[in-house]
Amino acid sequence: FFKKVIIADNLALIADDGFIDNNNIDFFIAWLTSLSFTFQMYFDFSGYVDMATGSALLFNIKLPKNFDSPFKSTNMINFWQRWHITLSYFLMNYIYFPWLRYLKKITFTQSMIVTFFVFIIAGIWHGPSWLYVIFGGLHGVGLIINHTFNKYFDYNLNKFFAWFLTFNYVNITLI
């Protein structure tokens, strides 16, 4: 309740002001607006999930964990392992893996194409708007880049720099 009413709703005031008055927005206010929106979305959704989890426990029902500090992620793969875990589970087990099993021969390129379209579907799942399709596409592209770097390059980014890149990519895609 605290996450939703105190944190998310107050961040929403900042985000709404920035989005409404975008003609006079400067660099600092633009970043404040985008960060407020990103954290507002997280605390809003996470707060609702916590309230649902608590309510379910009153009836001795244990719901699965849905968030695991997603903004601590150091890459997009890890982000989707931590953010909306139940949606990720559904997408992987009911769309991604069955789609791959349908293919005769699975190649890296085919799996990346399937990844992209699964995230387009995830975008559509969020709502019937082109903005959600773009959101899903951007997250699909982020995952493809992450998988490609993991497969073809032996690199180790500084943990702080990796977190910074991941967090800002997610922040921008949410806008």
Looking only at atom types and distance, does a side-chain atom of [X] sit under 3.5 Å from a main-chain N or O of [Y], one as donor and one as acceptor?
{"X": "Thr33", "Y": "Ala15", "answer": "no"}
{"X": "Asn146", "Y": "Ile77", "answer": "yes"}
{"X": "Trp163", "Y": "Phe71", "answer": "yes"}
{"X": "Thr107", "Y": "Gln110", "answer": "yes"}

For this session: Report, as yes or no, whether the 6.0 Å neighbourhood of atom CZ on Phe108 holds more than 12 heavy atoms from other residues, nucleotides or ligands.
Result: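 Enclosed.
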
Problem set entry | Atom CZ of Phe28 with >12 non-hydrogen neighbours under 6.0 angstrom |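 Incorrect, the count does not exceed 12.
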
Rounded distance [0.5 Å steps], [atom1] in [X] versus [atom2] in [Y]:
{"X": "Ile95", "Y": "Phe119", "atom1": "CD1", "atom2": "CZ", "result": "10.0 Å"}
{"X": "Leu87", "Y": "Leu91", "atom1": "CG", "atom2": "CG", "result": "4.0 Å"}
{"X": "Leu138", "Y": "Ile120", "atom1": "CG", "atom2": "CD1", "result": "8.5 Å"}
{"X": "Asn150", "Y": "Leu143", "atom1": "CG", "atom2": "CG", "result": "10.5 Å"}
{"X": "Asn66", "Y": "Thr86", "atom1": "CG", "atom2": "OG1", "result": "3.5 Å"}
{"X": "Ile20", "Y": "Ile25", "atom1": "CD1", "atom2": "CD1", "result": "11.5 Å"}

Under 4.5 Å between any side-chain heavy atoms of [X] and [Y], yes or no?
{"X": "Leu35", "Y": "Phe167", "answer": "yes"}
{"X": "His147", "Y": "Ile144", "answer": "no"}
{"X": "Thr148", "Y": "Ile145", "answer": "no"}
{"X": "Arg82", "Y": "Phe67", "answer": "no"}
{"X": "Phe97", "Y": "Val118", "answer": "no"}
{"X": "Asn78", "Y": "Trp83", "answer": "no"}
{"X": "Thr53", "Y": "Lys62", "answer": "no"}

Problem set entry | Residue pairs, two or more places apart or on separate chains, that pass side-chain hydrogen bond (donor to acceptor under 3.5 Å, both in side chains) and touch residues 95-105 | none

Exercise. What pairs of residues pass the side-chain hydrogen bond (donor to acceptor under 3.5 Å, both in side chains) test when at least one of them lies in residues 111-126, not counting sequence neighbours?
Worked result: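 Those involving residues 111-126 do not exist here.
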
If you group Ile, Leu, Val, Met, Phe, Trp and Tyr by side-chain heavy-atom gaps below 4.5 Å, do [X] and [Y] land in one group?
{"X": "Ile172", "Y": "Phe19", "answer": "no"}
{"X": "Leu103", "Y": "Met92", "answer": "yes"}
{"X": "Val114", "Y": "Phe116", "answer": "yes"}
{"X": "Met51", "Y": "Leu57", "answer": "no"}
{"X": "Ile85", "Y": "Tyr94", "answer": "no"}

What donor-acceptor contacts under 3.5 angstrom involve side-chain atoms of residues 127-134, with partners at least two apart or in another chain?
| from | atom 1 | to | atom 2 | distance (Å) |
| --- | --- | --- | --- | --- |
| Ser129 | OG | Leu131 | N | 3.1 |

Problem set entry | side chain to side chain contact (heavy atoms under 4.5 Å, CB included) partners of Ala162, counting only residues at least two apart |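 For Ala162, the residues satisfying side chain to side chain contact (heavy atoms under 4.5 Å, CB included) (neighbours in sequence not counted) are Thr74, Leu157.
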
Exercise. Apart from Ile61 itself, which Ile, Leu, Val, Met, Phe, Trp or Tyr residues share its cluster (side-chain heavy atoms under 4.5 Å, direct or through members)?
Worked result: Leu58, Phe59, Leu63

Problem set entry | Geometric class of the Phe135/His139 ring pair [parallel <30°, tilted 30-60°, perpendicular >60°] | tilted

For this session: Test Val170 against Met76 for side chain to side chain contact (heavy atoms under 4.5 Å, CB included), laying out the working first.
Result: CA-CA 8 Å; Val170 169; Met76 288 302 293; 3.7 Å; yes

Can you give the donor-acceptor pairs under 3.5 Å from side chains of residues 36-50 to other protein atoms, not counting sequence neighbours?
| from | atom 1 | to | atom 2 | distance (Å) |
| --- | --- | --- | --- | --- |
| Ser36 | OG | Leu32 | O | 2.7 |
| Thr38 | OG1 | Ser34 | O | 3.1 |
| Thr38 | OG1 | Asn171 | OD1 | 2.3 |
| Asp44 | OD1 | Lys4 | NZ | 2.9 |
| Ser46 | OG | Lys3 | NZ | 2.7 |
| Asp50 | OD2 | Lys3 | NZ | 2.7 |

